[in-house]
Structures are given as C-alpha cells and as structure tokens.
Amino acid sequence: MQNNTKGALLALLAFGIFSTHDVLVKYLGGSYSTFQIVFFSVLLGFPIATLMLMNDRMDGNLRPRHPWWTALRTIASVTVAASAFYAFSVLPMAQVYAILFTSPLLITLLAIPVLGESVGIRRWMAVIVGLCGVLIVLNPASSSFNIGHAAALTAAFGSALASIIVRKIGHEERSVVLLLYPMMANVILMGVLLAFVYKPMPIRDFGVAALIAVMAFAATLIIIAAYKAGEAVIVAPMQYSQILWATAYGFLFFDERPSLNTAVGASVIIASGVYIVMREGRGNTSENRPVLRTRSRFDAGTYLRVGTLLRRQAAQEKAAENTEA
C-alpha cells in the first residue's frame with residue numbers, strides 16, 4: 001500500500017509537470033508556428049536524450065527490425081506532435097485534454113486488428129460510452145467545431161496508433177530505435193518546414209522552449225519512478241489529473257472557463273478510460289493489456305517514451321544478472 005501511494009504521488013507530480021509543459025506550449029503558440037515550437041523543443045531535448053541513451057549495452061545497430069511498423073509509428077508520432085501542439089495553441093486546455101483522453105479507447109479498438117486482442121462486452125460498452133463523451137465535448141450540432149478540434153482528434157488517434165505499434169514490436173525492436181526515430185523525424189521534418197514559418201525568438205522565448213524540453217524529460221523520469229514504485233493499475237489513472245491542472249491553468253493564465261459540455265463529456269471519457277484500465281488489471285480479462293501497458297501520455301515523439309525506457313532498463317538489469325551469473 002505504501003508503494004502504491006508513493007507511485008500515485010509521483011505520477012501526480014509528473015503529470016502536473018507535463019501540464020505546466022503544455023501551458024508553455026500554449027504560451028508560445030500565441031506567437032509562433034506549431035512547427036517552430038516542435039522543432040526547438042525536440043532539438044533542445046536531444047542532448048538530454050543522447051545522455052540517457054549513451055549507456056545502452058545492447059549489441060546491434062540502428063536499423064529497425066520491423067521497418068514498416070517503425071516507419072508507421074514514426075509518422076504517427078510526428079503527426080501527433082504537430083496536431084497536439086497546435087490544438088493546445090488554439091483551444092481551451094481542458095477541452096484538448098478531454099479529447100486526448102480518448103486515446104485509451106482508441107487503443108482498445110486498435111488492439112483488435114493489430115494485436116489480436118479479444119474485447120469483451122464490458123470494454124466494448126466502455127468504449128461506446130467514452131465515444132459518446134467525445135460527442136458531448138465536441139457538440140457537432142453547434143458551430144464551434146473547428147480545425148483545432150480536428151487536430152486534437154488526430155493527435156488522439158495518432159497517439160493510440162503509435163502506442164499499439166510499440167506493443168506489437170516493442171519486445172523485438174531495440175529500444176534505442178524506438179526512442180530516437182520519432183525524435184529524429186521531428187527534427188528533420190519540422191526543420192524543413194521551419195524555413196517557411198520561422199520567426200525570430202527573443203532569448204526569453206528561446207528559454208521557454210528549452211524549459212519545455214527539460215520539463216518533458218523531468219516528468220518522464222518521475223513517471224518511470226512512479227511505475228517502479230507502484231502497480232500500473234494504480235499509477236495509470238493518475239494521468240487524468242491533468243484535466244484539473246488544465247482547468248486551473250486555463251482560468252489563471254488564459255481566462256478559460258470549461259463549458260458544461262466539456263465538463264460532462266470529459267467526466268464520461270475519464271470514467272470510461274479508468275474502467276478500461278481497471279478491467280485490464282483483472283485476471284485474464286485482457287491478453288495483451290494494451291492500455292495498462294501504455295505508460296506514457298500522448299506519444300508525440302518529442303521526448304522519450306516511459307514504457308520503452310522501462311523495458312530498456314529491465315533488459316539491461318537482466319543482462320547484468322546473466323553476466324554476474
């Protein structure tokens with residue numbers, strides 16, 4: 001129980017940092033193109049990522065063993081980065097989170113064709129109820145639906161696709177490949193697009209971009225510690241605390257007040273997501289546990305994935321034990 005409490009508290013801290021990270025993204029989004037924000041946040045995070053990966057002891061090269069799956073995941077992650085950052089720039093933060101929280105529902109659906117997952121009637125009902133929550137948030141009958149909502153939906157689907165691909169190939173593909181390819185693709189593609197949208201940044205805003213990178217990696221390390229301390233079924237639902245941070249930050253810094261539709265729809269989506277996590281954590285309900293084993297938040301390829309880093313550390317510890325034996 002003490003370990004689970006520690007894991008939950010660490011996760012709450014990490015997702016609080018991630019929410020602050022998103023506030024900075026929204027701040028820069030008021031002055032700069034999404035492509036420029038993604039480019040500098042990933043570029044400035046590369047030294048940290050490199051230091052974390054320098055001690056990789058696994059033999060091999062950086063050629064993917066599953067090139068097509070790796071390519072599809074990389075495309076999905078790059079799409080998520082641009083879509084999520086843009087959505088935060090133009091939509092209320094609570095609304096963006098509500099839509100991004102549909103990712104576990106989409107992971108459950110994608111696990112059927114990709115992983116061969118067998119989804120029972122209870123999880124199907126949770127998915128259907130959660131998707132109804134999305135309709136409540138978006139309120140298609142109104143005239144408020146815009147490209148920002150489409151971007152958030154794209155980010156949710158892309159994140160689910162990227163996560164389910166990692167579940168499919170993660171145990172065979174080198175962790176360095178899974179970690180670096182999306183970051184490299186973001187730097188290269190956003191760097192090309194930067195030529196058309198670049199706007200000079202004063203030192204203050206450049207510092208904010210650097211802080212985005214630092215906060216992303218700090219939060220990632222804390223989430224790793226959370227999953228090492230507590231059970232996944234306890235730690236995973238803590239991601240939904242971001243909606244509270246988003247509501248507070250939106251009110252304090254951007255004069256945002258969540259609409260009744262957003263509040264009701266988000267509650268429905270979160271309840272569905274939590275139910276799916278709890279259901280996967282029970283006995284033999286799920287063979288693959290795709291949502292429970294998705295340890296990161298939305299997979300944007302702008303920072304290292306928690307799940308991949310955890311598998312990498314486990315593999316290194318096992319190799320060290322075999323060496324000692």
More than 12 non-hydrogen atoms from neighbouring residues, nucleotides or ligands closer than 6.0 Å to [atom1] on [X], yes or no?
X: Phe251; atom1: CZ; answer: no
X: Tyr198; atom1: OH; answer: yes
X: Ile112; atom1: CD1; answer: yes

Roughly how far, to the nearest 0.5 Å, is [atom2] of [Y] from [atom1] of [X]?
X: Phe39; Y: Asn186; atom1: CZ; atom2: CG; result: 10.5 Å
X: Leu193; Y: Leu189; atom1: CG; atom2: CG; result: 5.0 Å
X: Ile224; Y: Leu10; atom1: CD1; atom2: CG; result: 12.0 Å
X: Ser83; Y: Leu100; atom1: OG; atom2: CG; result: 10.0 Å
X: Arg73; Y: Ile169; atom1: CZ; atom2: CD1; result: 7.5 Å
X: Ile222; Y: Phe15; atom1: CD1; atom2: CZ; result: 11.0 Å

Hydrophobic cluster membership, [X] vs [Y], 4.5 Å side-chain cutoff:
X: Leu211; Y: Ile37; value: yes
X: Ile75; Y: Ile107; value: no
X: Leu252; Y: Val25; value: yes
X: Ile136; Y: Met93; value: no
X: Leu109; Y: Val268; value: no

Problem set entry | Ion pair check, Arg289 and Glu117, cut-off under 4.0 Å |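 No.
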For this session: Could you give me the CA-CA distance, side-chain angles and deciding distance for Ile269 and Ile99, then say whether side chain to side chain contact (heavy atoms under 4.5 Å, CB included) is met?
Result: CA-CA 8 Å; Ile269 294 168; Ile99 297 172; over 6 Å; no
Minimum heavy-atom distance between [X] and [Y], given as atom pair plus value:
X: Phe101; Y: Ile243; result: CE1-CB, 4.0 Å
X: Pro104; Y: Tyr240; result: CG-OH, 3.7 Å
X: Ala236; Y: Val277; result: CB-CG1, 4.2 Å
X: Ile223; Y: Ala14; result: CG1-CB, 3.2 Å
X: Ala8; Y: Val235; result: N-CG2, 4.5 Å
X: Thr247; Y: Ala94; result: OG1-CB, 4.1 Å

Exercise. Regarding Ser77 and Thr74, is there a side-chain donor-to-acceptor distance under 3.5 Å anywhere?
Worked result: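 Side chains of Ser77 and Thr74: no pair found under 3.5 Å.
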For this session: Please check if any side-chain donor atom of Tyr249 sits under 3.5 Å from a side-chain acceptor atom of Thr20, or the reverse.
Result: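 The answer is yes; a qualifying pair exists.
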[X] side chain to [Y] backbone, donor-acceptor under 3.5 Å:
X: Ser31; Y: Tyr27; value: no
X: Glu173; Y: Thr70; value: no
X: Asn4; Y: Glu231; value: yes
X: Gln242; Y: Gln239; value: yes
X: Ser159; Y: Ala156; value: no
X: Arg167; Y: Val291; value: no
X: Ser259; Y: Thr262; value: yes

Would you indicate whether the side-chain heavy atoms of [Y] and [X] approach each other to under 4.5 Å?
X: Asn261; Y: Val137; answer: no
X: Ile164; Y: Pro290; answer: yes
X: Val197; Y: Thr34; answer: no
X: Asn146; Y: Leu91; answer: yes
X: Phe85; Y: Ser33; answer: no
X: Val127; Y: Ile276; answer: yes
X: Thr102; Y: Phe157; answer: no
X: Met278; Y: Val274; answer: yes

For this session: Go through the steps to decide whether Gln95 and His149 satisfy the test side chain to side chain contact (heavy atoms under 4.5 Å, CB included), and finish with yes or no.
Result: CA-CA 9 Å; Gln95 201 168 95; His149 296 98; 2.5 Å; yes
For this session: Starting from the C-alpha separation in whole Å, work towards a yes-or-no answer on side chain to side chain contact (heavy atoms under 4.5 Å, CB included) for Met184 and Ile188.
Result: CA-CA 6 Å; Met184 282 294 297; Ile188 294 171; 4.1 Å; yes
For this session: Show your reasoning for whether side chain to side chain contact (heavy atoms under 4.5 Å, CB included) applies to Met215 and Phe18.
Result: CA-CA 7 Å; Met215 294 183 81; Phe18 266 130; over 6 Å; no
For this session: Decide whether a cation-pi geometry holds between Lys26 and Phe88; the criteria are a distance under 6.0 Å from NZ or CZ to the six-membered ring centre and an angle within 45° of the ring axis.
Result: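 No, cation not above the ring by the 6.0 Å, 45° rule.
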Exercise. Aromatic ring centroids of Phe35 and Phe40 under 6.0 Å?
Worked result: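 Between Phe35 and Phe40, the centre distance exceeds or equals 6.0 Å.
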